[in-house]
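So the structure is just underneath, and the comments pick up after that.
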Amino acid sequence: MLLLNTLRNEKVRVLAGLTKRQVPNAEATVDRIVALDDQRKAVQTSTDALLAERNRLSGEIGKLMKAGRREEGNAMRDKVNAIKEEVTKGEDELNAVKAELEDLLITLPNVPHQLVPTGVTEEDNEIFRPFDGELPTLPEGAKPHWDLADEYGIFDLELGVKTTGAGFPVFTGQGARLARGLVNYFLDFNTAAGYTEFQPPLLVNEATARATGQLPDKEGQMYHVTEDDLYLIPTAEVPLTNLYRDVILDEKDFPVKLTGYTPCFRREAGSYGAHVRGLNRVHQFDKVEVVQIVHPEKSYEILDEMVAHVGKLLDELGLPFRILRLCGGDTGFTSAMTYDFEVWSAAQKRWLEVSSVSCFETFQSNRLKLRYRAEKGTELAHTLNGSALALPRIIAALLENNQTEDGVTLPEVLHGYLGMTKLKKIR
RNA sequence: GGAGGAAUGGCAGAGCGGUUUAAUGCACCGGUCUUGAAAACCGACGUGGUGAAAGCCACCGGGGGUUCGAAUCCCUCUUCCUCCGCCA
């Protein structure tokens, strides 16, 4: 959620940013919000004055009663009762104004960073770091990962349909082991870089989903357990970042670095077609996430650090990748700047998104009330997160890019985790 | 699942209808003393709203109510503790 002071003091920058995202009626909305906030202040001030008067008179009554001057006390009660009615009116108005303000404020996405390119769709994303090597060329008859999955017994989509439905792959045999090995490898890689590992709940309450911005914006993307009013997490970002909801840190606590493995659940409503075959897009998938909570002055430096971290991970896996800087229209609602990592899927001959690394500035911390003690008072911290990494498309790329006559060769970093150097055909 | 108890400032812990921003202790911070440190002493020491400031307002687990006035009384939800039962 954007800060009211930002809307007031940096209107030009805010509007320019919102225009990059093609937010309709941005100026009218901002003006309306500021007007509502003015109204809020006015009503609050007058109501507070009434309350002050009530408190003062109530104190008087106490003294009169103690002194045994009952009649004077009773007369004053009537006076206070009259004030009380006005207070109630004022509080009702205040609540109504606050609610409208909140409803409007929550519709505004984050203001993109200055360097974020203008644009609407993924076509407009900037190729921030192109792949500079040679893309692997596969032998004649190379197969996409869904075919390889059958030959190698990696995962079974039909079993998933039987137990649950489409988009819930069942990993099998050496495929299940590959997934487990990747999770362990990623977690070890992250903790070696100073991230502390957590195992958070997979279901979260409404307050948690709101604080990181999944609600109300992405309501339809989450599975909702209506009976208990809980949501299945679409990413570990949600519970991990919320560990620090309503927290006031000291500057010396920075940077807070968290990592965690969780399954992620996404309804992916409305995504169908050729590009969702195999593991390209599924409803449940494994992901290891990294989160940082940092000093506002450091956040973009840290963003670069996190981008380098993910890049190193992909280098070690030996996967060709490129880095995009997302344009305004493609940047997530809550993010100020996002880098996407895409690995080359050699058999499908297309780039697959495997990680998204974002800086949210104060957009999340404002809703989280995540602050630190500054020289004078408290300030909102900055939050960042990124995938390191999401599994399915990594598995897809490993299978496709490394397929040979006698098996899928595994990158050296995984040998120890899997107890093998290559995946073997089972049929 | 049954019975009882409890939730107060970073921590511990008073207060149980009216001068409560909330006793006291510890921790932390500034200072005096000291070569330095400790001890001792002095001071400061929650968050948010409003305001130039003084000040004013709200917050004692969440929500609602009673009252002129609520940390204090009532209702409700949540969490934790103790005992009993059941169980990975």
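Every chain is numbered from 1, with letters handed out A, B, ... down the list of sequences.
Look at CG on L50(A): it is 17 Å from P on C68(B), rounded to the nearest Å. Distance, E60(A) CD to U19(B) P: 13 Å, rounded to whole Å. Put simply, CZ on R54(A) is 16 Å from P on G18(B), counting in whole angstrom units. Rounded to an integer number of Å, the gap from CG of N95(A) to C1' of G63(B) is 13 Å. One interatomic measurement links the two molecules: CG of D250(A) to P of C45(B), which rounds to 17 Å at whole-angstrom precision. The nearest whole Å value for the distance from the CG atom in D246(A) to the P atom in U78(B) is 20 Å. Remark: C1' of G17(B) and CD1 of I61(A) are 14 Å apart, rounded to the nearest angstrom. E91(A) places its CD atom 13 Å from the P atom of G63(B), with the value rounded to the nearest Å.
Nearest-nucleotide positions on RNA chain B place G62(A) closer to the 5' end than the other of G62(A) and R56(A). Comparing S58(A) and V80(A) against RNA chain B, the residue whose closest nucleotide sits nearer the 5' end is S58(A).
A7(B) and C16(B) have their C1' atoms separated by 15 Å, given to the nearest Å. G63(B) and U78(B) are spaced 10 Å apart, taking the C1' atom of each and rounding to whole Å.
None of Q292(A), H309(A), E289(A) except one satisfies the side chain to side chain donor-acceptor pair (under 3.5 Å) rule with Y195(A); the exception is Q292(A). Partner of H145(A) under the side chain to side chain contact (heavy atoms under 4.5 Å, CB included) criterion, out of N401(A), L279(A), I154(A): L279(A) alone.
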Do nucleotides 46-52 of chain B as a string where each nucleotide becomes B, S or -: B if the base has a protein heavy atom under 4.0 Å, S if just the sugar-phosphate does, - if no protein is that close. SSSBSS-
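Between D156(A) and K162(A) there is no salt bridge, since none of the side-chain N atoms of the basic residue sits less than 4.0 Å from a carboxylate O of the acidic one.
Side-chain atoms of K11(A) and E27(A), non-hydrogen and from C-beta on, do get closer than 4.5 Å to each other.
Under the Watson-Crick or G-U wobble criterion, with both distances below 3.5 Å, C56(B) is paired with G49(B). Using the Watson-Crick or G-U wobble rule with both distances under 3.5 Å, A12(B) pairs with U24(B). Pair assignment for U34(B) gives none, since no Watson-Crick or G-U wobble pairing has each distance under 3.5 Å. In this structure, U82(B) forms a base pair with A3(B), meeting either the Watson-Crick or the G-U wobble geometry with both donor-acceptor distances under 3.5 Å. The nucleotide A44(B) finds no pairing partner, because no Watson-Crick or G-U wobble arrangement with both distances shorter than 3.5 Å includes it.
Close to C56(B), at under 4.0 Å from its OP1 or OP2, lies no side-chain N or O of N55(A).
Minimum interatomic distance between T334(A) and G213(A) (heavy atoms only, all atoms of both residues): CG2-CA, 3.9 Å. Between C264(A) and T235(A), the shortest heavy-atom contact is SG-CA, 3.7 Å.
Side-chain atoms of Q39(A) and E100(A) form no donor-acceptor pair, as typed in the model, at a separation below 3.5 Å.
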